[in-house]
Amino acid sequence: MRLTVLGKSPAWQDAGGACSGYLLEDGDSTALIDIGNGVFAKLRRYRDYTRLDAIVISHLHADHFLDLIPYSYALIYAPRQQPVPVDRWPGTDRPARPLVLGPPGTRQTLRRIIGSWGPEDLAERAFEIEEYAESSTPEVGSLRFEFQAVPHFQETYAIAATSSNGGGRLVFGADSRPSDNLTRFARGADLLLAEATLPRPERTGERGHLTPAEAGDHARAAGVRRLVLTHISDELDQLWALKEAERAFGGPVEVAREGAVYEL
Ligand SMILES: [Zn+2]
Ligand SMILES: [Zn+2]
């Protein structure tokens, strides 16, 4: 199983960057974990978007799902998706219709947003949309997914991916404040992709994110093999973040960068 980082920005993009988006490839099976703003353009650098099997969404914050909207327009209006020849494309009776595995409320949220200016069923026309439950274990070709609710500002799921062809277990922690559930879910993972959004814990209100040191604490408590920090702005000192997480974890840490590839 191969993981390619398409986007690692937090709620606002890095210069030239994209929000949450991670491409998973395993043999002939291809899936995206999250598709935040900016990710669709990055996906197009690596993959034909009509040949993606599924998009798995951790939660319905813009930086994790918003590019489902331009992706919908592509699937509906792109010349090669039409039933008749257009330009150099021959026309197709079987336009691509990737699967979206989203948390509860995905359909309704997309309808509300897109319906504010256009046809509210746009995304449903473009994608096969399924809403998962925490106990769901959907399979996409050789890829198998599991979910774990984590505490954030709204309903959010950490996502684990494994391959039926063997190889390791990837755990993506999504957005979360410190959480024993995340530690349990990540236990023994080969790679924990953990958010490290904050330069310091939130000073007021409900907590919703992690610092790099807290990401490291989770990695140590879960006994993972390696930690990759993500959801971290280019406006934070990456070396500082790395050292904070390394000190807390005591194992190998990297800060995610776009285009980085990890084999599991
Ligand atoms: Zn986020
Ligand atoms: Zn979020």
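Note that the structure is a prediction, hence the values are computed from the model and not measured. First listed ligand is number 1; within each ligand, the first listed atom is number 1.
For Tyr46 and Glu25, the side-chain atoms include no donor-acceptor pair closer than 3.5 Å.
Ring-centre distance between Phe145 and Tyr132: not below the 6.0 Å cut-off. Residues His152 and His64 keep their aromatic ring centres 6.0 Å or farther apart. Ring to ring, Tyr71 and Phe127 are close: their centroids are under 6.0 angstrom apart.
For Glu235, the side-chain hydrogen bond (donor to acceptor under 3.5 Å, both in side chains) criterion is met by Trp12, not counting sequence neighbours.
Judged by the 6.0 Å and 45° rule, Arg107 forms no cation-pi pair with Phe65.
At a cut-off of 2.8 Å, measuring from the Zn ion (ligand 2), the protein N, O or S atoms that fall short of it are His59 NE2, His61 ND1, His152 NE2, Asp175 OD2, waters left aside.
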